[in-house]
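The residues of the chain are indexed from 1 along the displayed sequence. The shown structure was predicted, so the numbers you read here are calculated from the model rather than taken from an experiment.
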Amino acid sequence: MKTINGVMLSKMMANASKLLDLNREKIDALNVFPVPDGDTGTNMSLTVKSAVKDLKLNNKNVKISEVCDIVTKGALRGARGNSGVITSQVFRGICLVLSKAQEVDVKVFVKALKTATDVAYSAVSKPKEGTMLTVCRAMSEGASASKAKEFEDLFKDVIDAGEVALAYTPEQLPVLKKAGVVDSGGMGLLTIFKGMNKALLGEEIESIVEETVQETPVEADHADIMSLGAIEFGYCTEFFIINIKKKTTLAAIDRLREYLMSIGDSVIVVGDLDFVKVHVHTNRPGNAISHALELGEVDKVKIENMLEQNRELMKKYEAEKKEMGMLSVCSGKGFEQIFKDVGVDGVVEGGQTMNPSASDIADAIQRINASNVFVFPNNKNITLAAEQSKQLVEGRIVHVIPTKNVPQGILAALAFNPEESPSVNKVNMLHAIENVVAGQVTYAVRTSKTDGFNLKSGDIIALNDKKILAKSDDICDCVIKLVEKLATDSHSVINLYYGADVSEEDAETICASVQDRFPSLDVELFFGGQAVYYFVVSLE
């Protein structure tokens, strides 16, 4: 194949999405600790799926320029996380070149890869080598050095160069070398190109899941603003700018952003000379739209009157306001229900596999109609974001209780007494979390030597928040070994929270075995429903 057209590019994108999805968990598992904590593969997969979804909705657009436009906008709309954003910029760079070519041959594609590298690097304020950027550059250099005249040969050279660069990433980032893994984003990018190559070779890839992706809507911060009383800017205004005028420049887009900031707040202006997404809270939505029309056509306009919504909700808000509330971070339907049962007002989904941002936590705090809100991060990697959320919250006094795991969060919530003052409750909660130790049972995702253990992929491992404590080839045996490591004479209760990958029958069998091994302690079994971890174990 010496040239490709819009139909072939669409097939290449579809295959890239399918292969990335098939390898998503494998890419997620490439993290710096041998437990499945990552989300790089998931973020990249959702980003590419968004572009493919738009291609399917516009399947009559078969010109290379039309396909490139759809891919660029779709990837930007669906970009998730840092890896997803960089992925969208790689496609943007490729499409910038392909869309302008009368005929896409090998020479044009080589130029497109060079532009993709430049665009991806420019999207990161401080580019770091040993990442997916390095792999992208290496594949571009491999393409430039190739003497191929057909796409099948070109992609072979590109993928070979990517493989070499990916294998070298541990030498560039010490944290990768220490963990014995390659860069996950680089692996994801290489997977994308392997999927595209399979389309060139005429190979079909069967999807393991339906090729759809739900849009994540841009949420106007109505609930947050309404809880504060008076609204300075009353209209939430959202729209896209499409069919950008030829005279429009990036500087003009920046000037639009500056203008919107002068007439409102919560300003978001993202995109490029092909497509721009705009969001602003303002009292002059017409002015915002008229200025945008100077750059191009305005599409999918949505204006919401927050003033009227605020008046109605404020009445209800003031009537229901209380002195104290609680917010917990956790993963798993079982844990979520447990927190609700013990009186927690709100739950933010998150944990080891998905750390919520400070903004996510702040938004959840604002939804709790209380003057004082106690926050249980339940993970040491989330505590800092919880502390930072204080700066994003208005009208609340936020008390972060430094819980390192879900069992600590449950005990903190149980220590709450609405009859006591916030200061007394905080002291009681801090004392309560000192009376529990906890650990988890999961599996190793790769061969490594960590904390004195020689691990191989699939080993069952027990760990606490600091290190790996035991390994086994059996979940029950590993749970017992974990309890042996954690138990002291001061403990009287063992709580076992089983995860989504453990059946109730197996959990009850393991609970009975633990009780037989520790007859002097009371063993309680609960459904946590958490992903990744077979069991979360706590002792009180």
Worksheet item: Looking only at heavy atoms, which two atoms of E238 and H279 are closest? And how far apart?
Response: CG-CD2, 3.3 Å
Discussion item. Tell me if the centroids of the rings in F109 and F155 come within less than 6.0 Å of each other.
Written reply: yes
Discussion item. When you measure from the side chain of T169 to the backbone of L166, do you find a donor-acceptor pair of N or O atoms at a distance under 3.5 Å?
Written reply: yes
Discussion item. Measuring only between side-chain heavy atoms, which start at C-beta, is V48 closer than 4.5 Å to M13?
Written reply: yes
Practice prompt. Could you tell me whether a side-chain N or O of K481 sits under 3.5 Å from a main-chain N or O of I461, the two making a donor and an acceptor?
Written response: no
Practice prompt. Determine the minimum heavy-atom distance between D157 and A148, stating which atoms define it.
Written response: OD2-CB, 4.3 Å
Practice prompt. Let me know which of K198, K18, K194, K11 forms a salt bridge (Lys or Arg N to Asp or Glu O under 4.0 Å) with E203.
Written response: K198
Discussion item. A quick test of your reading: do over 12 heavy atoms of other residues, nucleotides or ligands sit less than 6.0 Å from CD of E25?
Written reply: no
Discussion item. Test: salt bridge (Lys or Arg N to Asp or Glu O under 4.0 Å). Region: residues 93-103. Which pairs qualify, not counting sequence neighbours?
Written reply: none
Fill in: Heavy-atom donor-acceptor pair, S45 side chain to T42 backbone, under 3.5 Å
no
Worksheet item: Around atom NZ of K156, are there more than 12 heavy atoms of other residues, nucleotides or ligands at under 6.0 Å?
Response: no
Item to complete: Return the set of residues passing salt bridge (charged side-chain N to carboxylate O under 4.0 Å, His left out) with E152 (not counting sequence neighbours), or none when no residue passes.
Response: none
